[in-house]
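Below is one structure, written out as structure tokens; comments come after it.
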Amino acid sequence: ETVLIKVRGIRANEAFDIQGLEEVPVKPGSTAQFDIPANAKLGGHSIELVAEQPFAAFATVQTAKDIAIVGKADVLDRPSAVPVKLKGQNVNLTLVAPNESTAVVIEGVDQSMKVVSKKNISLPAGSSTTIDLAKELKGATAAIVTVDGTAFAGVWTRKGDLIASTTLA
């Protein structure tokens, strides 16, 4: 049976259908590839793929000289640790609350795991936000992300045409 996949954009305080991608048909045993149109104006936030049948998906983010492949994000249901910098570049954390309001606590820790800074975030349902961890957590070498509710998260960094990205679990 053909799977109909709905593509939604999620950005600060707004979840929305992406025009032209309301129903992407994928036949059994086949693959589909599509681009998110520039007019979706995601601004570095996120997309959500929804279907009634199971399917596998990944996204690529590409520059002229590099490509990052991002897989499925799982619900962040336990604390997750991430560096605030990677090879000298600030790491960005994107948090997504697609269906319910969620509270997030981000603790900045130093090399001895002592909390040196803290940020509380309230995400309304159907929204996302992106945080530059190094800027927000002064003096921290890592961030501990804890969620109270249902949220997804990913981290990414970019230096010129070089990019890196992964989801948190």
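These numbers were taken from a predicted model, which means no experiment stands behind them.
The closest side-chain heavy-atom distance from Leu137 to Val116 is not below 4.5 Å. Trp156 places none of its side-chain heavy atoms less than 4.5 Å from the side chain of Val91. Using a 4.5 Å heavy-atom cutoff, the side chains of Phe152 and Leu76 are not in contact. By the 4.5 Å heavy-atom criterion applied to side chains, Leu95 and Ser128 are not counted as neighbours.
With sequence neighbours excluded, the residues forming a side chain to side chain contact (heavy atoms under 4.5 Å, CB included) with Lys114 are Asp110, Ser112, listed by chain and number. With sequence neighbours excluded, no residue forms a side chain to side chain contact (heavy atoms under 4.5 Å, CB included) with Ala59. Applying the side chain to side chain contact (heavy atoms under 4.5 Å, CB included) rule to Thr102 yields the partners Ala97, Glu100, Val104, Val147, Ala151; only residues at least two apart in sequence or on another chain are considered. Scanning for salt bridge (Lys or Arg N to Asp or Glu O under 4.0 Å) contacts around Glu136 gives Lys119, with sequence neighbours left out. With sequence neighbours excluded, the residues that form a side chain to side chain contact (heavy atoms under 4.5 Å, CB included) with Pro25 are Thr2, Leu4.
From Ile10, atom CD1 reaches atom CG of Asn99 across 7.5 Å, with rounding to the nearest 0.5 Å. Put simply, CD1 on Ile36 and OG on Ser46 are 10.5 Å apart, with the number rounded to the nearest 0.5 Å. Considering CD of Gln89 and CD1 of Ile163, their distance stands at 13.0 Å, rounded to 0.5 Å. Interatomic distance, CG of Leu93 versus CG of Leu168, reported as 6.5 Å (0.5 Å rounding). Distance check, rounded to the nearest 0.5 Å: CG of Leu21 to CZ of Phe34 gives 6.0 Å. Here the straight-line distance linking atom NZ of Lys135 with atom CG of Asn92 works out to 8.5 Å at 0.5 Å rounding.
Ile47 and Val3 fall within a single hydrophobic cluster, where Ile, Leu, Val, Met, Phe, Trp and Tyr side chains are chained together by heavy-atom contacts under 4.5 Å. Leu49 and Val26 fall within a single hydrophobic cluster, where Ile, Leu, Val, Met, Phe, Trp and Tyr side chains are chained together by heavy-atom contacts under 4.5 Å.
Sorted pairs that involve residues 138-157 and meet salt bridge (Lys or Arg N to Asp or Glu O under 4.0 Å), not counting sequence neighbours, are lacking altogether. The side chain to side chain donor-acceptor pair (under 3.5 Å) contacts involving residues 48-69 comprise Glu1-Gln53, Arg8-Glu48, where partners must be two or more places apart or lie in separate chains. For the side chain to side chain donor-acceptor pair (under 3.5 Å) condition, the pairs that include at least one residue of residues 72-84, sequence neighbours left out, are Lys72-Asp74. Contacts classified as salt bridge (Lys or Arg N to Asp or Glu O under 4.0 Å) and involving residues 15-32 (residues at least two apart or in different chains) are given here: Lys6-Asp17.
When the options Thr94, Ile106, Val145 are evaluated for a side chain to side chain contact (heavy atoms under 4.5 Å, CB included) with Ile131, the one that passes is Ile106.
In the hydrophobic clustering (ILVMFWY side chains linked at under 4.5 Å, chained through shared members), Leu162 stands by itself. The hydrophobic cluster around Val50 extends to none of the other residues, as no ILVMFWY side-chain heavy atom falls under 4.5 Å of it. Other members of the hydrophobic cluster containing Met113, listed by chain and number, are Val109, Val115, Ile144; membership follows side-chain contacts under 4.5 Å among ILVMFWY residues, whether direct or relayed.
Looking at Thr157, its side chain does come within 3.5 Å of a backbone N or O of Asn90 through a donor-acceptor pair.
Shortest non-hydrogen contact noted between Leu133 and Pro83 is CD1-O, 3.9 Å. The shortest non-hydrogen separation linking Ala140 to Val84 is O-CG2, 3.1 Å. Closest heavy-atom contact between Val7 and Val24: CG2-CG2, 4.2 Å. Residues Ser165 and Val70 come closest through the heavy atom pair OG-CG2, 3.3 Å.
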